[in-house]
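First comes the structure, then the notes that go with it.
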Amino acid sequence: MEAKPDNEPTQDTMGINTPTVLPAPVLPAPVLSANSASVLPAPVLPAPVLPAPVLPAPVLPAPVLSPPVLPAPVLSPPVLSPGQTPPGQAPQIIWMPQPSTITGCPPGLEYLTQLDQILVHQQVELLETFTPLETENRYHIKNSLGQQVFFAQEESDPLLRQHLRSRRNFTMHVVDNVNQEVMRVVRPSQHCTGLSTVAVEAPPGQPIGHVSARIQVTLLLQYSSFIWLTYRFHLWDSYLEVFDASLQPVLKIRGSCCYCEGPGDIDFRVMTPDESQQVGKISKQWSGHIQEYYTTADNFGINFPMDLDVKVKATLLGALFLMDFMLFEHRPIHNNQVGR
């Protein structure tokens, strides 16, 4: 029997020829000498090209800008006249500087030694304006610069004030800028004497002068044409006599025998006792239609020589209070009442 080659196909029992599977050749491993090292070059790989990343735009908060700080403008203060209140501010009381003590001058009256004019402004009382009630009078006493020198406050009996009105007795307390009473004006009851008089004390309890009204014959006529043209006519044949502490006459105050209480000032002359020379003046100043028509508050002015005795100056202030009660303390014109 002949031997078949290894690579010839064989025939199975079914008569189908199948390929012969040859074994894989075995290659000998290369033999390297000890001196020659096998250094293989490192493969050079191309750098991968990556697409640039698309980053979302950052959302930043809106910047908060502070307003610019500008320097405050430097405004020059308005130029005001003495005693004038700046606009937008409540009126402030500016007191006259307190003078030094003077020998022989009653304490607190040193202010008067520096003055030749006094302005007296009666305070408006709303209760008295809108009701028939009579209230206590109050006065601001100032110098010509508008600086307050004294403040006067009436003290009187409430019942007598409503019944007697302008003929009531009173005590007027005059205080300085430290609220110390420096002067007192006392009007006694008229039922006994029938005359209008006041006593002036400085300091309180120490008489320095008296004022008495003489031959008081007053006739008041009222004439109204329009609401703003209402006049009062006075027929006044009286005068006020000013005395010192020992009841010696020192001055006399006399006005016109007939005057019209309308727009304009009303002057009363301050004269020597024999009426040979005028030394001063007391004026009832026109306060405007509103105040004159609706209130009983009045404004006055007193002029006298600078070198006049300070006690006589204070007594003239007491005479002014008496004149206000005698002639001008009537009801407002709009009430259609004549002073009682």
Kindly compute the distance separating [atom1] ([X]) from [atom2] ([Y]), expressed to the nearest 0.5 Å.
{"X": "Leu316", "Y": "Ile302", "atom1": "CG", "atom2": "CD1", "value": "6.0 Å"}
{"X": "Met306", "Y": "Leu115", "atom1": "CE", "atom2": "CG", "value": "7.0 Å"}
{"X": "Lys142", "Y": "Trp95", "atom1": "NZ", "atom2": "CH2", "value": "10.0 Å"}
{"X": "His173", "Y": "Arg138", "atom1": "NE2", "atom2": "CZ", "value": "13.5 Å"}
{"X": "Leu112", "Y": "Ile118", "atom1": "CG", "atom2": "CD1", "value": "5.0 Å"}

Do Ser283 and Asp267 have side-chain N/O donor and acceptor atoms under 3.5 Å apart?
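Short answer, yes.
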Less than 3.5 Å apart, any donor N or O on the side chain of Gln147 or Asn143 sitting next to an acceptor on the other?
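A pair is found: one side chain offers a donor N or O, the other an acceptor, under 3.5 Å apart.
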Verdict with reasoning, Phe325 to Phe170, per ring pair (Phe, Tyr, Trp, His ring centres under 6.0 Å)
CA-CA 10 Å; Phe325 276 82; Phe170 63 82; 4.4 Å; yes
Determine the minimum heavy-atom distance between [X] and [Y], stating which atoms define it.
{"X": "Pro99", "Y": "Gln114", "value": "CB-NE2, 3.2 Å"}
{"X": "Ala202", "Y": "Pro106", "value": "O-CB, 3.6 Å"}
{"X": "Asp116", "Y": "Pro305", "value": "CB-C, 4.4 Å"}
{"X": "Pro249", "Y": "Glu241", "value": "CB-OE2, 3.7 Å"}
{"X": "Leu109", "Y": "Ala314", "value": "CD1-CB, 4.1 Å"}

Evaluate the ring planes of Tyr111 and Phe150, with Trp represented by its six-membered ring, and classify them as parallel (under 30°), tilted (30 to 60°) or perpendicular (over 60°).
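Perpendicular: the ring planes of Tyr111 and Phe150 meet at over 60°.
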Set out, in order, the CA-CA distance, both residues' side-chain angles and the distance that settles side chain to side chain contact (heavy atoms under 4.5 Å, CB included) for Ile102 and Thr113, then state yes or no.
CA-CA 9 Å; Ile102 300 177; Thr113 61; 3.5 Å; yes
Is there a side-chain contact between [X] and [Y] in this structure, where contact means two heavy atoms from C-beta onward sitting under 4.5 Å apart?
{"X": "Met183", "Y": "Val200", "value": "yes"}
{"X": "Arg184", "Y": "Thr171", "value": "yes"}
{"X": "Leu119", "Y": "Ile141", "value": "no"}
{"X": "Leu240", "Y": "Leu251", "value": "no"}
{"X": "Leu317", "Y": "Val120", "value": "yes"}
{"X": "Gln278", "Y": "Val270", "value": "no"}
{"X": "Asn169", "Y": "Pro188", "value": "no"}
{"X": "Asn137", "Y": "Gln122", "value": "yes"}

Does Arg187 have any salt bridge (Lys or Arg N to Asp or Glu O under 4.0 Å) partners at least two apart in sequence or in another chain, and if so, which?
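Salt bridge (Lys or Arg N to Asp or Glu O under 4.0 Å) check on Arg187 returns nothing, list empty.
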Residues two or more places apart in sequence or in another chain: which of them pass salt bridge (Lys or Arg N to Asp or Glu O under 4.0 Å) with Glu154?
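For Glu154, the residues satisfying salt bridge (Lys or Arg N to Asp or Glu O under 4.0 Å) (neighbours in sequence not counted) are Arg168.
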Show your reasoning for whether side chain to side chain contact (heavy atoms under 4.5 Å, CB included) applies to His210 and Thr315.
CA-CA 7 Å; His210 301 267; Thr315 305; over 6 Å; no
Those residues that, when tested against His140, pass ring-ring contact (aromatic ring centres under 6.0 Å, His included) (two or more places apart)
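Phe151.
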Centroid separation under 6.0 Å, is that true for the rings of Phe300 and Tyr139?
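Centroid distance Tyr139-Phe300: not below 6.0 Å, so no.
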Got a donor-acceptor contact below 3.5 angstrom from the [X] side chain to the [Y] backbone?
{"X": "Lys284", "Y": "Leu327", "value": "no"}
{"X": "Gln180", "Y": "Val178", "value": "no"}
{"X": "Asp309", "Y": "Val312", "value": "no"}

Do [X] and [Y] share a hydrophobic cluster (ILVMFWY, side-chain heavy atoms under 4.5 Å, transitive)?
{"X": "Val250", "Y": "Val198", "answer": "yes"}
{"X": "Phe268", "Y": "Val279", "answer": "yes"}
{"X": "Met326", "Y": "Ile266", "answer": "yes"}
{"X": "Val186", "Y": "Leu164", "answer": "no"}
{"X": "Val310", "Y": "Phe243", "answer": "no"}

So for atom NZ, which belongs to Lys281, do other residues, nucleotides or ligands contribute more than 12 heavy atoms lying within a distance under 6.0 Å?
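Not buried by this count: 12 neighbours or fewer within 6.0 Å.
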Using the rule given for salt bridge (Lys or Arg N to Asp or Glu O under 4.0 Å), can you reason through Arg161 versus Glu134, listing the C-alpha separation, both sets of side-chain angles and the distance that settles it, and then say yes or no?
CA-CA 6 Å; Arg161 191 165 60 245; Glu134 188 75 28; over 6 Å; no
Applying side chain to side chain contact (heavy atoms under 4.5 Å, CB included) to Gln153 and Met172, what does each step give before you reach the verdict?
CA-CA 6 Å; Gln153 168 73 52; Met172 194 72 64; 5.8 Å; no
Is the charged tip of Lys313 near the ring of Phe304: under 6.0 Å from the six-membered ring centre and within 45° of its axis?
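No, cation not above the ring by the 6.0 Å, 45° rule.
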Note: Glu275-Lys252 ion pair, threshold 4.0 Å (strictly below):
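Here Glu275 pairs with Lys252 in a salt bridge, since their nearest N and O are under 4.0 Å apart.
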Could you walk me through whether Leu133 and Gln162 pass the side chain to side chain contact (heavy atoms under 4.5 Å, CB included) test, one step at a time?
CA-CA 7 Å; Leu133 298 177; Gln162 308 309 319; 4.0 Å; yes
